[in-house]
Amino acid sequence: MKFSWTMLNYFINLESITFEKFIEKLTLTGFEVEKIEENTKIADKIIHLNITANRKEIFCVINLAKEIASIFNLPLKINLKQIQLLTNNKTYNLINRSHQILYLKINTISNLSYQKSPQWLKNNLIGCNIKPLFLLHDIQQYIQIKWGHKILIFDLDKLDIKFINFNLLKISRNIALQKQEKIIYNNQELFYLDTINQTNNTNQFSNKTKKILLCCFINKINNLFNSSETFKHAYNETIRLIITYCRGIIGHSYEDSTIVIDTNKKLKIEKNKIKYILGPIFNKHNKFLSNKNIFKALNQLKLKPYYSYSHKIFEITIPKYREHDLKRSIDIIEEIGRIYGFKYFLNKLPKYNHKGKISIKSFYIKKIRYTLLNIGFDETVNSSLTEGEIYKNNCIKLYNPIAEEQNSLRTNIAKNLIENYKLHIKQKNSRIEIFEIGNIFYKNKQNPYNEQIHLGGIINNIQFLKKDWYSKSNKLEWFHAKGILEFILDTLQTNIQYSQTLITIDNTTIKNIQPYLDPNQQIFIYNKNNNQLIGILGKINKKYINDIDQYKKTTYLFEINIQNLINSIYFNKQISHIIRSYSSYPSVTRDISININKNDNITEIKNSLLQKNKNLIEYIEIINEYYNKVTKIKSICLRIIYRSSNRTLNSKDLININNNIKQLLFK
């Protein structure tokens with residue numbers, strides 16, 4: 001948005017402030033200066049400001065001037081007073097009272113004789129990229145960019161024909177409106193309130209107009225962003241400019257107002273909260289902002305502060321044109337910091353005396369998630385809205401679903417995971433290991449609304465395991481899937497047992513999962529302590545994946561109740577770990593190849609090597625294997641890592657170790 005430097009100086013004296021300091025201060029207080037345009041033709045500087053969405057009231061020069069007055073703590077050149085609403089009950093038949101209009105003023109001016117728009121007026125419009133047309137138009141646009149009020153001008157000679165056609169058009173477009181707010185002059189409708197912001201009045205008068213009607217009003221919409229203090233200034237300057245350059249005779253003036261008892265919003269802020277959020281002041285021995293400085297900042301913002309010494313609370317009154325922006329106490333604290341200057345506060349994060357606590361359920365949900373991610377699973381997130389297909393009597397139906405496919409809350413995780421699995425198969429993924437942690441919903445005889453957190457997962461991998469180095473990869477089998485699930489449960493230190501029979505008869509959640517599994521290949525997981533059902537593992541029923549399972553893949557699915565799983569976790573207070581210090585000396589790596597017979601045990605060979613050179617060999621690993629079918633001798637490659645805990649190994653040490661290994665292998 002563009003603002004004229006000359007027009008700003010009309011409202012506030014900025015001669016004592018350099019232009020560079022003005023721009024710097026404006027930027028630090030949240031108004032980004034995009035560009036400074038030196039326009040030599042109009043002898044003015046045009047400031048291009050980037051106005052953020054929360055500062056909608058900065059759309060005219062007077063509002064920016066009031067903001068600058070608060071930032072620099074300077075007085076305005078003009079005296080702004082709140083408009084006084086009429087207290088009498090006198091109304092005029094030319095005005096139809098509206099519930100939306102708070103104040104309305106109408107004037108007639110006749111016998112106009114025109115001159116050209118003065119150069120200073122044209123320059124102000126050119127600086128804001130507005131093309132000057134003729135005098136009345138230029139005055140109207142100038143008042144709007146300067147004061148923020150749109151003065152409506154109507155040609156009284158053309159009013160009869162012009163506005164009858166205009167209103168017929170608006171009525172045809174607003175048939176659905178049951179009640180329309182209108183402004184009526186001499187039994188003729190001037191405009192509708194709901195369309196006034198879209199009305200373009202430049203075609204309703206010209207430089208040949210002899211008799212005009214001025215109309216300006218304050219309604220509940222524009223009062224949110226523009227103060228009524230500037231209303232009379234804008235209206236009086238409009239009349240003064242028209243009389244000065246157009247001459248004419250001023251007719252009767254009509255006023256009407258709706259008395260509305262609408263108090264300004266108030267907020268209470270604790271003094272300690274202000275100091276804690278803003279923090280200490282830099283280079284002032286870490287002292288916080290004083291009450292005097294807080295009062296000064298609030299007064300600059302025109303928030304009328306009051307301080308209660310007994311409760312240590314600031315009470316402030318928010319003006320109407322800032323109510324859209326200042327809604328919470330944190331907004332006021334930000335304004336205090338903005339006016340005082342954020343650069344003066346110490347740039348350090350606050351220290352917390354107390355650590356936050358996390359619930360046991362949240363802790364173990366995170367642990368389960370990280371355990372699955374670490375062993376290669378991928379997490380999926382699905383919507384809880386679904387279509388109830390199986391056991392519809394257990395589903396919780398939505399009263400007003402968005403679509404028929406999302407008319408119920410899901411009763412299990414399995415259904416969504418199977419859909420994810422199908423999508424992976426269509427994308428030619430050979431390894432599918434996915435899981436989801438989410439809420440499920442169901443109803444039973446005891447409670448019509450139940451909600452639980454479940455863990456569900458699908459495992460499928462056609463290249464899961466190699467029996468030998470030279471063998472082909474084998475697909476995932478039942479015991480592999482069970483082993484993966486056991487590893488997850490062992491990592492969480494659960495005390496569980498498996499059973500092929502369902503001990504608990506009345507379990508709604510398991511009944512919702514069972515139809516998706518093969519009835520001959522499923523197993524139930526129980527808490528060993530109290531036989532509480534935790535979850536189920538099984539092979540996916542072929543009828544749900546038969547359309548995509550062309551290669552007869554074996555896919556396994558598990559679903560577990562998180563809360564029941566947490567109840568089965570045991571805590572081992574006796575830790576039997578062996579701790580030793582890590583050596584700071586460098587390691588040496590050597591690869592050796594040895595031939596062994598078919599019946600030789602490689603584990604015994606590794607243990608023998610480690611026992612003989614226990615202090616110098618840190619680790620032994622098999623990295624390769626070769627079998628000669630002719631000689632029937634197996635050759636293996638061992639990688640040995642040497643490291644000492646008290647010195648750096650030299651070549652003599654390595655020769656001795658190699659000799660010991662040779663002697664041992666020879667035996």
Side-chain angles (χ1 to χ4, degrees), residues 380 382 384 386-397 408-422 432-460 476-482 484-486 488-489 494 496-528 530-549 553-565 567-568:
T380 63
N382 294 294
S384 296
T386 184
E387 183 180 6
E389 294 178 356
I390 302 171
Y391 293 101
K392 290 187 177 181
N393 55 333
N394 294 326
C395 291
I396 298 176
K397 294 284 186 178
S408 305
L409 294 172
R410 65 179 177 182
T411 58
N412 55 67
I413 304 291
K415 182 181 176 182
N416 288 335
L417 285 177
I418 291 172
E419 295 300 323
N420 297 145
Y421 169 76
K422 290 180 178 180
I432 302 168
E433 296 173 358
I434 57 176
F435 76 96
E436 181 182 3
I437 299 173
N439 293 357
I440 62 107
F441 310 85
Y442 65 95
K443 59 183 178 180
N444 52 24
K445 295 178 181 179
Q446 292 78 20
N447 194 345
Y449 303 104
N450 296 282
E451 181 179 355
Q452 293 178 353
I453 301 176
H454 275 208
L455 162 67
I458 283 183
I459 312 171
N460 175 273
L476 184 82
E477 298 293 345
W478 165 261
F479 290 104
H480 299 147
K482 184 172 176 286
I484 292 172
L485 186 59
E486 283 183 346
I488 297 168
L489 298 177
T494 58
I496 54 100
Q497 64 182 359
Y498 297 95
S499 176
Q500 292 183 352
T501 58
L502 183 61
I503 300 174
T504 307
I505 299 174
D506 186 17
N507 195 294
T508 309
T509 55
I510 294 300
K511 286 182 179 179
N512 293 332
I513 304 167
Q514 276 186 292
Y516 294 101
L517 301 177
D518 189 336
N520 299 321
Q521 293 193 41
Q522 56 181 242
I523 192 171
F524 303 97
I525 308 165
Y526 290 93
N527 187 337
K528 206 171 185 178
N530 55 12
N531 287 332
Q532 185 183 31
L533 184 62
I534 295 174
I536 187 172
L537 166 68
K539 179 182 174 182
I540 295 181
N541 199 325
K542 286 185 178 180
K543 71 177 184 179
Y544 293 103
I545 57 173
N546 199 30
D547 55 333
I548 59 170
D549 197 0
K553 300 173 185 175
T554 307
T555 309
Y556 298 94
L557 181 144
F558 64 87
E559 186 158 337
I560 295 172
N561 186 305
I562 294 287
Q563 186 58 55
N564 294 346
L565 180 66
N567 295 338
S568 67

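These figures come from a predicted structure and were not determined experimentally.
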> Looking just at side-chain N and O atoms, do Glu559 and Asn412 make a donor-acceptor pair shorter than 3.5 Å?
Replying inline: no
>> Distance alone, cut at 3.5 Å: any donor-acceptor contact between the side chains of Ser568 and Lys528?
In response: no
>> Side chains of Thr411 and Ile513, heavy atoms from C-beta outward: is any pair under 4.5 Å?
In response: no
>> Show, in sequence, the C-alpha distance, side-chain angles and deciding distance for Asn416 and Arg410, and conclude whether the side chain to side chain contact (heavy atoms under 4.5 Å, CB included) test is met.
In response: CA-CA 9 Å; Asn416 288 335; Arg410 65 179 177 182; 3.0 Å; yes
> So which of Leu485, Ile453, Ile536 actually passes side-chain contact (heavy atoms from CB on, under 4.5 Å) with Ile560?
Replying inline: Leu485
> Could you give the distance from CG (Asn450) to CZ (Phe441), rounded to the nearest 0.5 Å?
Replying inline: 11.0 Å
> Can a donor-acceptor pair be found between the side chains of Asn567 and Gln563 at a distance below 3.5 Å?
Replying inline: yes
>> With a 4.5 Å cut-off on side-chain heavy atoms, are His454 and Ile562 touching?
In response: no
> Do Asn382 and Ile413 have side-chain heavy atoms sitting under 4.5 Å apart?
Replying inline: no
> Between Glu486 and Lys482, does a salt bridge (charged side-chain N to carboxylate O under 4.0 Å, His left out) hold up when you go through it step by step?
Replying inline: CA-CA 6 Å; Glu486 283 183 346; Lys482 184 172 176 286; 2.7 Å; yes
>> Any non-hydrogen side-chain atom of Lys539 less than 4.5 Å from a side-chain atom of Leu517?
In response: no
>> Looking at Lys422 and Tyr544, would you say the former's side chain and the latter's main chain have a donor-acceptor pair under 3.5 Å?
In response: yes
>> Tell me if a side-chain donor or acceptor on Thr494 pairs with a main-chain N or O of Ile496 at a distance below 3.5 Å.
In response: no
> Listed by chain and number, what are the ring-ring contact (aromatic ring centres under 6.0 Å, His included) partners of Tyr556, not counting sequence neighbours?
Replying inline: Trp478
> Who passes side chain to side chain donor-acceptor pair (under 3.5 Å) against Asn530, sequence neighbours left out?
Replying inline: Asn527
